[in-house]
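Here it is, the structure, as structure tokens.
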Amino acid sequence: MNTHEVRIGTETRELPVIDVGGVSVALLNLLGDTALVEAAAEELAARMPPGIEALVTPEVKAVPLAHALSRRTGLPYVVVRKTEKPYMVDAVVRSVVSITTGRPQDLVLDGGDVPRLAGRRVAIIDDVVSTGGTLHALTDLLSEVGAEVAATLVVFTEGDEREDVIALGHLPLYPAASAESATDRP
């Protein structure tokens with residue numbers, strides 16, 4: 001399997017390069033990787049702009065990162081789910097197609113979380129931003145409930161480099177066929 005090497009703080013990982021349908025990506029998975037999550041949270045906390053009042057993250061892979069950032073900054077965090085749950089009241093829903101799913105999925109904010117965000121300056125926390133589809137849908141959803149997105153903090157950007165996010169690094173996109181021929185690149 002071909003990999004792409006990344007480094008965050010003192011942590012180094014070989015990310016598998018996988019085909020996600022027409023393009024291949026270096027797949028970052030924070031779930032279960034406590035050392036990498038902690039290293040990323042430490043670096044992102046140092047880059048968090050002043051005036052942020054809450055953190056918002058899409059489920060699922062960035063949830064441990066939002067939790068670790070919350071512990072470091074003392075800021076509350078809200079998880080925007082990908083399916084509406086029976087316990088949700090007055091849920092706010094946006095649809096998005098992300099590069100990793102390749103099909104429409106919902107972003108769902110529980111109406112019970114709206115008061116925690118309305119009128120506040122928030123930071124979106126995510127693992128990777130690529131096309132920006134999820135970021136755009138989250139921004140629209142948060143604006144609808146009266147939150148101001150003041151920053152977006154991610155571990156990596158992917159594909160085109162982005163000036164509109166605070167990132168610890170950048171991952172290239174590979175043509176689908178190059179997953180077989182990708183070389184390790186820091």
Side-chain angles (χ1 to χ4, degrees), residues 8 25 28-31 37-85 88-171 173:
I8 300 171
V25 299
L28 176 68
N29 186 358
L30 296 176
L31 296 174
V37 168
E38 293 295 326
E42 191 70 27
E43 298 222 2
L44 287 172
R47 297 178 190 196
M48 178 125 15
I52 300 298
E53 300 171 276
L55 309 173
V56 178
T57 189
E59 75 175 352
V60 69
K61 292 191 304 179
V63 171
L65 179 61
H67 179 86
L69 274 167
S70 175
R71 287 188 54 234
R72 279 172 176 73
T73 63
L75 297 171
Y77 73 97
V78 170
V79 177
V80 176
R81 306 294 300 266
K82 293 190 178 168
T83 57
E84 192 167 347
K85 305 299 181 192
M88 292 180 171
V89 177
D90 298 326
V92 182
V93 181
R94 283 282 176 278
S95 290
V96 65
V97 177
S98 80
I99 193 169
T100 51
T101 62
R103 55 181 160 60
Q105 66 182 16
D106 288 336
L107 294 175
V108 183
L109 177 63
D110 186 348
D113 287 326
V114 170
R116 297 172 68 196
L117 302 174
R120 293 203 164 95
R121 291 173 42 88
V122 303
I124 295 174
I125 307 302
D126 210 347
D127 56 344
V128 176
V129 64
S130 186
T131 64
T134 300
L135 178 60
H136 181 72
L138 264 174
T139 299
D140 285 352
L141 184 148
L142 292 166
S143 292
E144 181 179 326
V145 301
E148 176 192 346
V149 177
T152 299
L153 292 91
V154 301
V155 181
F156 294 113
T157 56
E158 180 177 70
D160 293 335
E161 294 199 45
R162 302 180 61 105
E163 305 260 336
D164 60 335
V165 299
I166 297 167
L168 301 181
H170 180 72
L171 300 172
L173 290 177

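Because the structure is a prediction, the values reported are computed rather than measured.
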Are the side chains of V92 and D90 in touch, meaning some heavy atoms are under 4.5 Å apart?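 Of all side-chain heavy-atom pairs linking D90 with V92, none is under 4.5 Å.
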
Atom of D126, atom of P58 and distance for their closest heavy-atom approach: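 Looking at all heavy atoms of both residues, the shortest contact is OD2-CG, 3.5 Å.
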
Mind listing the closest non-hydrogen atom pair of V37 and A68 along with its distance?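 V37 and A68 have their closest heavy atoms at CG1-CB, 3.9 Å.
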
Is there a side-chain contact between D106 and T83 (heavy atoms, below 4.5 Å)?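 When only atoms from C-beta onward are counted, T83 and D106 do not touch, as no gap falls below 4.5 Å.
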
Min side-chain heavy-atom separation P76-R116 under 4.5 Å: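 Yes, side chains in contact.
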
Please round to the nearest 0.5 Å and tell me the distance separating atom CG of L44 and atom OG1 of T73.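 Reported to 0.5 Å precision, the distance equals 11.0 Å.
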
Could you give the distance from CG (D127) to CD (E158), rounded to the nearest 0.5 Å?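 That separation rounds to 9.0 Å.
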
Using side-chain contact (heavy atoms from CB on, under 4.5 Å), reason through T57 and L65 one step at a time and then give a plain yes or no. CA-CA 9 Å; T57 189; L65 179 61; over 6 Å; no

Student check: side-chain heavy atoms of V165 and L153 closer than 4.5 Å: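 Side-chain contact under 4.5 Å: no.
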
Within the 4.5 Å heavy-atom criterion, are L109 and V114 side-chain neighbours or not?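 A side-chain contact under 4.5 Å exists here.
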
Test side-chain contact (heavy atoms from CB on, under 4.5 Å) on D110 and V108 and set out the steps. CA-CA 6 Å; D110 186 348; V108 183; over 6 Å; no

Is the side chain of R94 donor-acceptor paired with the backbone N or O of T139 at a distance under 3.5 Å, no angle test?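 Absent.
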
Check for a donor-acceptor pair, side chain of R121 on one end and backbone N or O of E148 on the other, with a separation under 3.5 Å.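 No, R121 side chain to E148 backbone: no donor-acceptor pair under 3.5 Å.
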
Nearest 0.5 Å, please: how far is CG in L107 from CG in D140?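 Nearest 0.5 Å value for the CG-CG distance: 10.5 Å.
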
Can a salt bridge be assigned to the pair K82 and E59 using a cut-off of 4.0 Å between side-chain N and carboxylate O?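 Looking at E59 together with K82, the answer is no, because their closest N to O distance does not fall below 4.0 Å.
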
Please assess V80 against L138 for the test side-chain contact (heavy atoms from CB on, under 4.5 Å), listing each intermediate value before the final yes or no. CA-CA 8 Å; V80 176; L138 264 174; 3.7 Å; yes

What residue pairs, at least two apart or across chains, pass side chain to side chain donor-acceptor pair (under 3.5 Å) with a residue in residues 38-54?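 For residues 38-54: E38-R72, E42-R72.
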
With sequence neighbours excluded, give me every ring-ring contact (aromatic ring centres under 6.0 Å, His included) pair touching residues 51-71.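 Sorted pair list: H67-Y77.
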
Are any side-chain N or O atoms of N29 and backbone N or O atoms of L31, one a donor and one an acceptor, separated by less than 3.5 Å?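 Looks like yes, one N/O pair under 3.5 Å.
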
State whether the side chain of H170 and the backbone N or O of R162 hold a donor-acceptor pair below 3.5 Å, judged by distance alone.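 Not confirmed, H170 side chain does not pair with R162 backbone.
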
For the residue pair G111 and P115, what are the closest heavy atoms and their distance?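 That closest heavy-atom pairing would be O-CD, 3.6 Å.
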
Atom CZ of R120 and atom CG of L142: how far apart are they, to the nearest 0.5 Å?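 Nearest 0.5 Å value for the CZ-CG distance: 13.0 Å.
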
Interatomic spacing from CG in L75 to CG in L55 - rounded to 0.5 Å: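 Taking CG in L75 and CG in L55, the distance rounds to 5.0 Å.
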
Member of V129, L30, V128 meeting the side chain to side chain contact (heavy atoms under 4.5 Å, CB included) criterion with V155: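 Exactly one pass, corresponding to L30.
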
If you look at every heavy atom in I52 and P49, which pair is closest and at what distance?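 For I52 and P49, the tightest heavy-atom pair comes out as CG1-O, 3.4 Å.
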
Could you tell me the separation between the OG atom of S70 and the CD1 atom of I125, rounded to the nearest 0.5 Å?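 Output value for this atom pair is 10.0 Å.
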
Determine, step by step, whether L171 and V25 satisfy the side-chain contact (heavy atoms from CB on, under 4.5 Å) criterion, reporting the C-alpha distance in whole Å, the side-chain angles of both residues, the deciding distance to 0.1 Å, and the verdict. CA-CA 8 Å; L171 300 172; V25 299; over 6 Å; no

